[in-house]
Amino acid sequence: SGQAFVSIGESVLKVSNVSYLTFDSLSVRYARGVALTFSNVSHVQLSNLDVSNNGDSSISISGHNNVVSNITVQGNGCSGLDISGGDQKSLSSGNNTVTSCHITRWARWKRTYQPAIGWSGVGNSFIDNYLSDGPHTAILGGGNNCMFAYNHVNHVCYEVSDSGAFYTGRNWIDRGNVLAHNTFSNITWDETIILGSPSIQAIYLDDQMSRSEER
């Protein structure tokens with residue numbers, strides 16, 4: 001027999017305008033909204049956390065020089081993580097890093113436009129993450145000079161068409177992003193397409209996407 005949990009708290013932690021915080025080896029679950037929110041922070045390190053089964057997303061972090069590493073996320077109602085930092089006008093880098101995270105079975109409530117990783121800004125890195133089992137896109141956002149490398153994206157976009165496991169576009173100034181040595185597997189649809197032909201890509205660079213590098 002399993003356990004039943006009734007969530008009554010909107011969030012677990014909201015922090016803004018702080019520096020040099022570390023959260024390690026914690027389990028944070030069952031928030032109705034975003035579990036952990038860090039706004040305009042720097043040198044915050046989140047490591048070895050299990051932030052699962054939240055109504056909205058697990059972590060939202062904005063600022064610079066922050067590290068999110070070895071985070072487990074599963075069963076969220078909406079997205080997984082949302083990361084932003086850096087300034088597009090000056091092209092100053094955020095230097096945020098998301099690495100070695102394991103994000104699965106997100107978007108259980110809102111089924112579209114709820115990525116495992118949402119991103120924006122300049123000069124941030126997303127390295128060696130495993131993202132699996134989402135009905136729409138896995139990585140969604142836009143910015144400049146960001147690095148996506150050695151990530152494995154599996155079994156996504158299975159309820160949609162005209163989409164991609166990695167999606168960006170619709171902004172002339174988004175340039176300089178690099179996708180290198182990523183693995184995409186089982187990127188296909190499970191649902192019947194009524195009108196037209198299904199169109200699913202591993203990497204979707206949509207209208208007005210100025211320049212990126214894939215290798």
Side-chain angles (χ1 to χ4, degrees), residues 1-86 94-121 124-126 129-141 143 151 153-156 158-160 167:
S1 62
Q3 292 180 301
F5 294 88
V6 178
S7 178
I8 59 174
E10 185 65 22
S11 65
V12 177
L13 180 68
K14 292 184 178 180
V15 177
S16 62
N17 303 308
V18 300
S19 301
Y20 298 99
L21 289 178
T22 297
F23 295 84
D24 196 341
S25 304
L26 297 173
S27 178
V28 181
R29 298 185 172 194
Y30 310 122
R32 295 178 66 85
V34 181
L36 303 175
T37 301
F38 299 86
S39 303
N40 191 32
V41 298
S42 67
H43 301 92
V44 169
Q45 182 161 337
L46 309 178
S47 302
N48 306 305
L49 307 182
D50 184 345
V51 192
S52 297
N53 295 305
N54 297 289
D56 196 321
S57 63
S58 289
I59 297 170
S60 175
I61 186 166
S62 65
H64 60 88
N65 297 102
N66 303 296
V67 177
V68 179
S69 65
N70 196 30
I71 304 296
T72 297
V73 174
Q74 61 179 345
N76 278 355
C78 296
S79 58
L81 314 177
D82 185 77
I83 311 295
S84 64
N95 294 318
N96 297 301
T97 300
V98 177
T99 183
S100 303
C101 294
H102 191 280
I103 304 174
T104 59
R105 297 190 300 110
W106 68 91
R108 295 173 66 193
W109 174 39
K110 292 185 179 180
R111 305 294 284 176
T112 57
Y113 295 99
Q114 302 296 320
I117 295 177
W119 64 282
S120 63
N124 302 305
S125 299
F126 304 84
N129 301 290
Y130 179 75
L131 316 173
S132 182
D133 297 296
H136 194 198
T137 187
I139 303 173
L140 173 68
N151 301 291
V153 180
N154 175 65
H155 193 218
V156 299
Y158 53 77
E159 290 185 2
V160 297
Y167 178 92

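The chain is numbered in sequence order, starting from 1. Atom set for the values below is all heavy atoms of this structure, side chains included, hydrogens, waters and symmetry mates excluded.
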Side chain to side chain, [X] and [Y], heavy atoms closer than 4.5 Å:
X: Val156; Y: Asp133; result: no
X: Cys78; Y: Asp56; result: yes
X: Tyr20; Y: Val44; result: no
X: Ile139; Y: Leu131; result: yes
X: Thr112; Y: Val160; result: yes
X: Asn129; Y: Val98; result: yes
X: Arg111; Y: Glu159; result: yes
X: Val15; Y: Thr37; result: no

Please determine, by modelled atom types, if [X] and [Y] share a side-chain donor-acceptor pair under 3.5 angstrom.
X: Asn95; Y: His64; answer: no
X: Asn76; Y: Ser58; answer: yes
X: Thr99; Y: Ser69; answer: no
X: Ser132; Y: Asn154; answer: yes

Going from [atom1] on [X] to [atom2] on [Y], what distance comes out if it is rounded to the nearest 0.5 angstrom?
X: Lys110; Y: Ser79; atom1: NZ; atom2: OG; result: 9.5 Å
X: Thr137; Y: Gln114; atom1: OG1; atom2: CD; result: 11.5 Å
X: Ser60; Y: Ile83; atom1: OG; atom2: CD1; result: 7.5 Å
X: Ser25; Y: Asn70; atom1: OG; atom2: CG; result: 8.5 Å
X: Ile71; Y: Leu49; atom1: CD1; atom2: CG; result: 3.5 Å
X: Ile117; Y: Cys101; atom1: CD1; atom2: SG; result: 6.5 Å

Step by step, work out the side chain to side chain contact (heavy atoms under 4.5 Å, CB included) result for Phe23 and Leu13. CA-CA 12 Å; Phe23 295 84; Leu13 180 68; 3.7 Å; yes

On a heavy-atom basis, which atom in [X] and which in [Y] lie closest, and how many Å separate them?
X: Gly80; Y: Ile103; value: CA-CG2, 4.4 Å
X: Asn54; Y: Arg29; value: OD1-C, 3.6 Å
X: Asn96; Y: Gly63; value: ND2-O, 2.9 Å

Is a side-chain donor or acceptor of [X] paired with a backbone partner of [Y] at a separation under 3.5 angstrom?
X: Ser52; Y: Gln74; value: yes
X: Asn66; Y: His43; value: yes
X: Arg32; Y: Ile8; value: no

Centre-to-centre under 6.0 Å for Tyr167 and Tyr113, is that the case here? no

Asp24 and Thr22: side chain to side chain donor-acceptor pair (under 3.5 Å), yes or no, with the steps? CA-CA 6 Å; Asp24 196 341; Thr22 297; over 6 Å; no

For Val73 and Thr104: C-alpha separation, side-chain torsions, deciding distance, then whether side chain to side chain contact (heavy atoms under 4.5 Å, CB included) applies. CA-CA 6 Å; Val73 174; Thr104 59; over 6 Å; no

Check the pair Leu46 / Phe38 against side chain to side chain contact (heavy atoms under 4.5 Å, CB included), numbers first and verdict last. CA-CA 11 Å; Leu46 309 178; Phe38 299 86; 3.8 Å; yes

Might you work through the side chain to side chain contact (heavy atoms under 4.5 Å, CB included) test for Val41 and Leu21, ending with a clear yes or no? CA-CA 9 Å; Val41 298; Leu21 289 178; over 6 Å; no

